[in-house]
Amino acid sequence: MANSLANTGADLELRGIRKEFPGFTAIEELDLKVPAGQFFALLGPSGCGKTTTLRIVAGLEQPSSGSVFLGGKDITATKPHERAVNTVFQSYALFPHMTVLENVAFGLRQRKIDSPLEKAGEALKLVELQHLAERRPQQLSGGQQQRVALARALVNRPSLLLLDEPLGALDLKLRRQMQIELKAIQMEVGLTFLHVTHDQEEAMDMADVVAVMNKGRIEQMGAPEVLYDRPKTVFVSKFLGQSNLFIGDVVEENGNALSINVAGSKITVPKARAEKHSGKIAIGVRPEKADFHEDVAPNVGADTNLIGPGEIIDIRFTGVSNQYLIEIPNIGQVTVFAQNIGKSPETQLGAKVWVTWKVEHAFGLADLPAGSGE
Amino acid sequence: MAFAAFGPSQPVVAGAGKKSSPIVLALLLPGIIYLGLFFLTPLISLIITAVEVPDASGAIGAYNYGFDISNFGYVATHYFQQILRSFLYATIATVLALLISYPLAYFIGVRMRRFAVLQRILVTLVIAPFFISFLLRTLAWKQLLADNSWAIETLKALHLMGANDYFIGTPGSVIFGLTYNFIPFMTLPLYTTLERLDLRLLEAGSDLYANSRHVFTRVTLPITLPGIISGTLLTFIPISGDYVNASANYLGSSKTSMIGNMVEADFLQNLQYPSAAALSVLFMAVILVLVWVYVKKSGTEDLL
């Protein structure tokens, strides 16, 4: 048993996973490949099936159909204790009847590995908690418990480490700090990490690859930058950051761009950045990529989209940026983020403005927002 | 261990406790008076009786104040067999009750969590026997297990018992009765601990390479130890003092008598009050020592 546990990460592959519970389907259909040594994040709202996926990989849940492969071997039928996989649970699940050190040594003792306490001590050193080794878990703060849970999993050198929203219970400042530490540890030990979270910032910040899950399916998968720059569905564009979406029929198609007509305004997107090239489609732009101009309509070329005029109906100051909500007649509300770099004069509520953005920053989606017809 | 967790906040608690208002005192008074009248006074009276000496007249049941501690030596040697038997029966019955109750409590407290109504019905069933008098139930068992009863006749027909064998009056029947009568006291504390058992800890155990047997022995069992301790105490103490099951009128015979039967006989039949009192006091002392050692050993001091 002990020698079947790899010291480096292993590939994880999920093939055709489906999971049904009485009354609902948690996972519709899931295919996933996580290469060894990668930090992979499963991102999605609660109830999207991401935790169920993790539990299937850990062996705590059996899939209704499909198989799980770890390092090329089919482990679908094996018990949790037979898998070279360890989990950092959302609740940490530290054993209350043992000291911190004994908690960390638990897995080593089970596998009858030499000098478990010594190795557990080293793991505690890695998470900088060696001075609390003799305490009970319930005497520790949330952040410390989280690190004990991490040490307890890491000390076993699993092929794959599963993280079930382990930072969810921590406050923002501690969470950011733990994110940095977690990422550093992953780089150091070179294990495969599968991280489940609903925090899009956390996923983008830490993961090499992010898979966005919705309603039991993966909507889109890719590097965080790619996912953010080119969301392919309405869900991804809204869940990963914010988006302004415009819906209209394709009215013009030339060379490498296409345009839609939105209440008389022409909005253009590069063909290479659009999922659909005909019919009624949705085109989006990130609020920080858009800009607005006061008083007179600016003169723009073919490389820029222009809509307006509209009225500023809300201004929110968030510190790094100002967020403007602009109501454009017949088109709807558009959000624009302007970096707070001390530019003056300040724009006032009620100002008449035109919104512009570069065509190259637009993206065309494969589906339409709910309630927009078809 | 729960104590240690509250360590840092202890000074605050102590400070708050100092503010003893007249209302608190008034609320405590009935309890203090009750304990004084009905626990402390009889206890002192019992200890005084235990060291009394027989009246010079030699009249049966007449004793005078004295200080004769030899009564303790007398009962310890004279009733040594019954003392030993009491603790032996109590140990066997407690272990049997634990072995029967743990799976039952686990089933109700863990497996039935998803069915709240069924869970409550099952807990009610555990305490349902209490709706019928303890004596009536024990008498019913005497009937059911009597020499010519259906159960015994069947066992004889199957040659599992010899033609001249009997059950009532044997140590087995007394232990059976004790186990049966005290099982709810074991099941309930076990149930309350198991009902609160965090199943995520069991998942963590299996995730950390423990097979189901090791998850049970290294996670479930230690975490539910407080329930096991209180369950065993709640059964062991009353069982060792029980005098109904072992009595010849119920499931026992003269060969199965326990401490309780001797105390009863000395007090009510032989009118040897000092000897009965000395036996009671001795029994109480032994129980206190046993419980203290047991709780110390198991590391659950905060139960005391």
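So you know, we letter chains A, B, ... as the sequences are listed, proteins then strands, and number each from 1. Values below: all heavy atoms of this structure, side chains included; hydrogens, waters and symmetry mates excluded.
- Around the CZ atom of B/Arg113, the shell of radius 6.0 Å holds more than 12 heavy atoms that belong to other residues, nucleotides or ligands.
- There is no contact between A/Leu108 and chain B, counting heavy-atom distances below 4.5 Å.
- In B/Phe130, the CZ atom is crowded: over 12 heavy atoms of neighbouring residues, nucleotides or ligands sit closer than 6.0 Å.
- Residue B/Asp198 does not touch chain A at all, counting heavy-atom pairs closer than 4.5 Å.
- Within a 6.0 Å radius of CZ in A/Phe21, other residues, nucleotides and ligands contribute more than 12 heavy atoms.
- Of the two parts of A/Phe95, the backbone and the side chain both hold a non-hydrogen atom closer than 4.5 Å to a non-hydrogen atom of chain B.
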> side chain to side chain contact (heavy atoms under 4.5 Å, CB included) between B/Leu208 and A/Gln110: does it pass, once the steps are laid out?
Replying inline: CA-CA 7 Å; B/Leu208 290 163; A/Gln110 285 306 317; 5.6 Å; no
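- Between atom NE2 of residue B/His214 and atom CZ of residue A/Arg109 there is a gap of 12.5 Å, rounded to the nearest 0.5 Å.
- Of all heavy-atom pairs spanning B/Ala210 and A/Phe106, the tightest one is CB-CE2, 4.0 Å.
- Counted within 6.0 Å of CZ on B/Phe39, heavy atoms from surrounding residues, nucleotides or ligands total 12 or fewer; the atom is thus considered open.
- Between B/Glu203 and A/Phe89 the shortest side-chain heavy-atom distance falls below 4.5 Å.
- Annotation: A/Gln62, atom CD; neighbour count of heavy atoms from other residues, nucleotides and ligands within 6.0 Å is above 12.
- The part of A/Arg55 that comes within reach of chain B is its side chain, from C-beta onward, which places non-hydrogen atoms under 4.5 angstrom from that chain.
- Between the A/His97 side chain and the B/Arg218 main chain, a donor and an acceptor come within less than 3.5 Å of each other.
- Counting heavy-atom neighbours within 6.0 Å of B/Ile23 CD1, excluding the residue itself, gives a total of 12 or less.
- Heavy-atom neighbours of A/Met187 CE from other residues, nucleotides or ligands within 6.0 Å: at or below the threshold of 12.
- Taking both residues in full, the closest heavy atoms of A/Asn86 and B/Asp207 are given as ND2-O, 3.1 Å, listed atom of the first, atom of the second, then distance.
- Nearest heavy atom pair, residue A/Pro158 against residue B/Tyr209, reads CB-OH, 4.3 Å.
- Within a 6.0 Å radius of CZ in B/Phe216, other residues, nucleotides and ligands contribute more than 12 heavy atoms.
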